[in-house]
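Take a look at the structure below.
Nothing here was measured: the structure is a model prediction, and the numbers come from that model. Below, read A as the first sequence line, B as the second, and so on, with proteins coming before strands; counting in each chain starts at 1.
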Amino acid sequence: MSKPSIPQGTRDFSPVVVRKRQYIFNTLRSIFELYGFQPLETPAMENLTTLTGKYGEEGDRLIFKILNNGLHEKNEAGKEKLNTEWNKVLSKAYSSPEVTERALRYDLTIPFARYVVMNQNDIAFPFKRYQMQPVWRADRPQKGRYREFWQCDADVVGSTSLINEAELLCIYQAAFMQLQVPVKIKINSRKLLAAIAELCGTPEKMIDITVALDKLDKIGWDGVTKELRERGIDDDGINKIEKVINVTGDNDARLAALSEIMKDCAIGLEGIKELRTSLCYYDGLSDKSWNGIIEVDISLARGLNYYTGVIVEVVCESDKVKMGSIGGGGRYDDLTGLFGLKGLSGVGISFGIDRIYDVMEELCVFPEQLASGAKVILLNFGGDNEQYAISVLKQLRTAGISAELYPDAAKFDKQMKYANKRNMAYVILPGDEEREKGMVSLKNFLTGEQKMMMLNECIGLLSA
RNA sequence: GAGGUUGUAGCUCAGUUGGUUAGAGCAUCAGAUUGUGGUUCUGAGGGUCGAGGGUUCGAGACCCUUCAUCCUCCCCA
């Protein structure tokens, strides 16, 4: 049995799918450029030491490691050493430079931080970059989760201004407006979550509280209560958290109510002030014709530990589609500190390309013309007619018309069927009669209409 | 890391309590049709039933092992 296959959790993208994906990429790219972001690409592989320890214990296990080449060339002593190291690698989540020194990138953020640190002398800060590349995780694939998937990030480093937060919100707005995906943008601040932990009298349990709160959508308040208890929060604390997450009304009302609850908590007030300022800048920058909403959501936590300020998440708001988060991001105060460059603040957002694709497919919002391929095909009647077809083909392409010639003088029926399957808009039939008259017959494949005409007229028609 | 699902033609899948030579649709190729496509009609090719072992007179079906696959939990995007 030698049926071909592809590795688990990877996908082929057929022509139509690639066109649709490129439509998403192109849309996002043009928006990033409009906002002054610059493109960046980094290698598929990084040094393993760059990646390990950055994603937590769980994350480290999911890094795809690349086997060193030249493993067989060791001398006797080397072989023995390699053998012991190899066994260690096999027995647990462990890595050894003897066996592996490189790994596939796990996300775009750490390579970006690495790039910034390496090029700090050349970069003009604040540095705004966007990056759209595949990343790899040795995770167990399941629905909507792959071992190779694309991330699309936009970050600003080297500025603490909340104008950046507002601009990133605008980018989200513009992107989902253009892609015609109805969304809600949820916004919160890690400082408010820290304030909650402080209110509970357990500031050191902020991570526990955020992890539990993050599940509110999934497991409901009862589930969260249970989880909070397990994580060592007392009833008094839980009551306070309940009070905070039950704050309702529009964003102004929510923030006002929160500042009342947190009036004695400096970090909470700071978080509220930041949210107010960000939303104020956003108000000045945003497109008022957008019909989505931005909502302050105190239960929004985001999994990643490195966020320190404002955090956002985008969820699809259509009745027709059930989909979780399709984007998210936030501010992180010291990401480059991991590589020795301290005090550089950054804020970034990410688009979940694969999920956005699924949502758009479900909502049927891809432009229709993406489906068609080349515009016109010339049938091949062989002999002199083939020569004639080639001269016509050349003139069409010179005129900028996407055209192709059926390469073999196959049966007429077969060529027509091919044209049909390829979704061609037009067919040109350069046969004996056309060649002798120096004309072409152009058939509109949608209407079935066919007419013999001069090539110039044909080019004019196809250029329209 | 834990639990479950499914492996039969290129693709999607039928296949009865275990019973002769394993089927269908789609796709491919040929013909009806030598310059008019999507619809028809006729015919053809194509399978070590994921792999290995076992039970049986007899296994695609039952048992064991193994590999692959998809899904759920954990975690994440």
#### Entry: Between C1' of B:C73 and CZ of A:Arg145, the distance in whole Å
10 Å
### Message
Under 4.0 Å from OP1 or OP2 of B:U69: is there any side-chain N or O of A:Lys143 that close?
### Response
no
### Task
Determine, for A:Glu404 against A:Lys375, whether the closest basic-nitrogen to carboxylate-oxygen distance falls under 4.0 angstrom.
no
### Side-chain touch A:Asp287/A:Met177, heavy atoms, less than 4.5 angstrom
yes
### Message
Whether A:Arg331 engages the ring of A:Tyr307 as a cation-pi pair (distance to the six-membered ring centre under 6.0 angstrom, angle to the ring normal within 45°) should be assessed.
### Response
no
### Task
Between A:Gly327 and A:Arg140, just flag the one whose closest nucleotide in RNA chain B comes earlier from the 5' side.
A:Arg140
### Query
Is any N or O donor-acceptor pair between the side chain of A:Arg137 and the base of B:C75 shorter than 3.5 Å?
no
### Task
State which of B:A27, B:U69, B:C75 makes the closest approach to the side chain of A:Gln8.
B:U69
### Message
Between B:C11 and B:C62, how far apart are the two P atoms, rounded to whole Å?
### Response
23 Å
#### Entry: For B:C11, the Watson-Crick or wobble partner whose two distances fall under 3.5 Å
B:G25
### Query
When you check the gap from the basic side-chain N to the acidic O, do A:Asp297 and A:Lys184 get nearer than 4.0 Å?
no
### Task
Encode nucleotides 30-48 of chain B as B, S and - characters from 5' to 3', where the letter depends on protein heavy atoms closer than 4.0 Å: B to the base, S only to sugar-phosphate, - to neither.
-S---BBBB----------
### Query
Do A:Phe351 and A:Ile24 come within less than 4.5 Å of each other through their side chains, counting heavy atoms only?
no
### Query
Reckon A:Gln142 has a side-chain N or O less than 4.0 Å from the OP1 or OP2 of B:U72?
yes
#### Entry: Nearest-Å distance once atom C1' is located in both B:A51 and B:G7
11 Å
### Query
When you compare B:U72 with B:U5, how far apart are their C1' atoms, in angstrom units rounded to a whole number?
10 Å
#### Entry: NZ or CZ of A:Arg147 within 45° of A:Phe64 ring axis and under 6.0 Å
no
### Between C1' of B:A68 and CD1 of A:Ile6, the distance in whole Å
13 Å
### Summary
A:Leu104 CG to B:A77 P, in whole Å, measures 18 Å
### Query
Touch check for A:Arg355, heavy atoms < 4.0 angstrom, all strands: base, sugar-phosphate only, or nothing?
sugar-phosphate
### Task
Could you give the distance separating B:G47 and B:G10 at their C1' atoms, to the nearest angstrom?
11 Å
### Query
When you measure from the centre of the six-membered ring of A:Phe13, is the NZ or CZ of A:Arg21 under 6.0 Å away and within 45° of the axis?
yes
### B:U20 to B:G37 separation - P atoms, rounded to the nearest Å
45 Å
### Message
If I pick the P atom on B:G43 and the same atom on B:G52, what distance separates them, to the nearest angstrom?
### Response
36 Å
### Query
If you look at every strand shown and take non-hydrogen atoms under 4.0 Å, does A:Gly59 touch a base, only sugar-phosphate, or nothing?
nothing
### Task
Take atom C1' in B:U16 and the same atom in B:C74, then report the distance between them in whole Å.
42 Å
### Message
Any carboxylate oxygen within less than 4.0 angstrom of a Lys/Arg side-chain nitrogen, looking at A:Asp155 and A:Lys128?
### Response
no
#### Entry: Interatomic distance, A:Asp139 CG vs B:C71 C1' [rounded to whole Å]
14 Å
### Query
Does B:G1 pair with anything, Watson-Crick or G-U wobble, both distances under 3.5 Å, and if so, with which nucleotide?
B:C73
### Message
Checking base pairs now: Watson-Crick or wobble, both atom distances under 3.5 Å. What partners B:A51?
### Response
B:U65
### Query
Mind checking the C1' distance from B:U12 to B:A2? Whole angstroms is fine.
32 Å
